[in-house]
Amino acid sequence: MPTRRLSADAGGIAEAGALLRAGRLVAVPTETVYGLGADAGNPAAVAGIYAAKERPRFNPLIAHLPDLAAARREGDFGAEALRLAQAFWPGPLTLVVPVAAGGRVCDLARAGLPSVALRVPGSPLARAVLAAAGCPVAAPSANRSGRVSPTQADHVRGDLDGRIAAILDGGPCPVGVESTIVACLDGPPVLLRPGGVPRVAIEAVLGRKLALPSALAGAAPVSPGLLASHYAPRAAVRLDATEIRPGEAALLFGPTAPRGLDAAATFLNLSPAGDLAEAAAHLFASLRRLDASGVATIAVAPIPEAGLGEAIRDRLARAAAPR
Ligand code: TXA
Ligand code: MG
């Protein structure tokens, strides 16, 4: 069945909400990346996400809600989770908390865990769709498994055309990397995935350092987002390249041209000014474009670790991981 394009207006929002309520799959833009949404309370709809993405493992999904009140019906927020939600929602932060009694997110969306990942997205368009749907919406990134996350409607269409009911076209995603995931379970809050909210901002609100995933008690799974090779272009990716080799595609950052750029097959600059937020916003689209040029290797200039640099470096390390 052809995938419909919905526009970012009242009609498109209402249609997206109705399709989600009916158990269909709709790609919805958030401020981070496009998500592949389904009613999180409907196991058949959630199973459809895995089929459309060809995601081989049933990993737990993030449930998206229009506001904190709706999120608190799905999860039990301790004092620290509540502080983080109040500081960063709506926005690119996902909180993993114990499931609330009466929560609607189905077992399949949670992969059977006693915890649930919740997020109130910063995008007003996404929140309008969530309000129209009236249910928690499970949404991983709207790409086929193993491919680079989509930050434009065309990226989604390239990966999922004919497999999903509709794509709501909201233009490019302004943050460009996925949400930061913090688990607030027993013990100290744990950083499961660096993302759109920098670590230092979260630690400033908590008044303490985030713990490593190894601090999680018991059988909590490693976030699959923490697994190696996950955001893989077809080309090989070479990190921290201070010199470009002949025939490589170059992904640059900042005002200084690396040695050997003359012999590059092609290049893009994530942010000529050296701005990490701008670089994050351009990261996935740039990887897709350089990959499409057909080069064997993409050489990536050094990216600083500070602020959003941690999330950018994390995604690049996955793109470079052996597969
Ligand atoms: O920005 C984002 O977070 C995007 C947009 C669409 O919201 N979504 C996204 O979803 O990146 P996804 O499925 O690619 O990543 C969800 C991550 C996975 O790494 C998963 O393991 C983790 O969240 N996760 C979900 N529930 C969890 C739980 N109960 N415990 C630990 N990790 C969990
Ligand atoms: Mg993903």
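Throughout, numbering of the chain's residues begins at 1 and tracks the sequence. As the structure lists them, so they are numbered: ligands from 1, and atoms in each ligand from 1. Every value quoted in this text rests on a predicted model; they were computed, and no experiment measured them. As a basis for the values below, the full set of heavy atoms in this structure was taken, side chains included, without hydrogen atoms, waters or symmetry mates.
For Arg147 and Glu54, the salt-bridge test fails: no basic side-chain N is under 4.0 Å from an acidic carboxylate O. The pair Glu248-Arg238 meets the salt-bridge criterion, since a charged nitrogen lies less than 4.0 angstrom from a carboxylate oxygen. A salt bridge does not link Arg208 with Glu203: every distance from a Lys NZ or Arg NE/NH1/NH2 to an Asp or Glu carboxylate oxygen is 4.0 Å or more. A salt bridge is defined here as a Lys NZ or Arg NE, NH1 or NH2 lying under 4.0 Å from an Asp or Glu carboxylate O, and Glu31 with Arg127 fails to meet this definition.
Interface atoms of ligand 1 facing Leu192, defined by a heavy-atom separation under 4.0 Å, are 31 (C), 32 (N). Counting atoms of ligand 1 from 1 in the listed order, those under 4.0 Å from a heavy atom of Gly35 are 6 (C). Close approach of ligand 1 to Ser115 (heavy-atom distance below 4.0 Å) involves ligand atoms 28 (C), 29 (N), 30 (N). Counting the atoms of ligand 1 from 1 in the order shown, those under 4.0 Å from a heavy atom of Leu113 are 28 (C), 29 (N), 30 (N). When each atom of ligand 1 is checked for a heavy atom of Pro140 under 4.0 Å away, the hits are 10 (O), 12 (P), 13 (O). Of all atoms in ligand 1, listed by their number and element, those nearer than 4.0 Å to a heavy atom of Ala139 are 6 (C), 8 (N), 10 (O).
The one candidate from Arg193, Arg315, Arg119 that meets the side-chain hydrogen bond (donor to acceptor under 3.5 Å, both in side chains) condition with Glu178 is Arg315.
Considering all non-hydrogen atoms of both residues, Pro150 and Asn143 come closest at CD-OD1, 3.6 Å.
Among residue pairs with one or both ends in residues 7-54, those qualifying as ring pair (Phe, Tyr, Trp, His ring centres under 6.0 Å) are Tyr50-Phe58; sequence neighbours excluded. Legend: salt bridge (charged side-chain N to carboxylate O under 4.0 Å, His left out) pairs involving residues 280-299, not counting sequence neighbours, sorted by first then second residue: Asp159-Arg288, Arg234-Asp291.
Look at Arg55 and you'll find a heavy atom under 4.0 Å from some atom of ligand 1. Under the 4.0 angstrom criterion for non-hydrogen atoms, Asn59 is not in contact with ligand 1.
Backbone and side-chain nitrogen or oxygen atoms of His64 are examined, and one is located within less than 3.5 angstrom of a nitrogen or oxygen of ligand 1. At least one N/O-N/O distance between Thr32 and ligand 1 falls below 3.5 Å. For ligand 1, the polar-atom distance check against Ser179 finds a nitrogen or oxygen pair separated by under 3.5 Å. In terms of polar-atom proximity, Tyr34 is not counted as a contact of ligand 1, lacking any N or O under 3.5 Å from an N or O of the ligand.
Among the atoms of Ser141, an N, O or S atom falls under 2.8 Å of the Mg ion (ligand 2).
For the pair Arg163 (side chain) and Ala52 (backbone), a donor-acceptor distance under 3.5 Å is present.
Evaluated by nearest non-hydrogen atom to atom 23 (O) of ligand 1, the leading choice among Val96, Ile181, Val175 is Ile181.
For Arg110, no heavy-atom contact with ligand 1 is shorter than 4.0 Å.
Under the 4.5 Å side-chain heavy-atom criterion for ILVMFWY residues, no single connected hydrophobic cluster contains both Val300 and Leu252.
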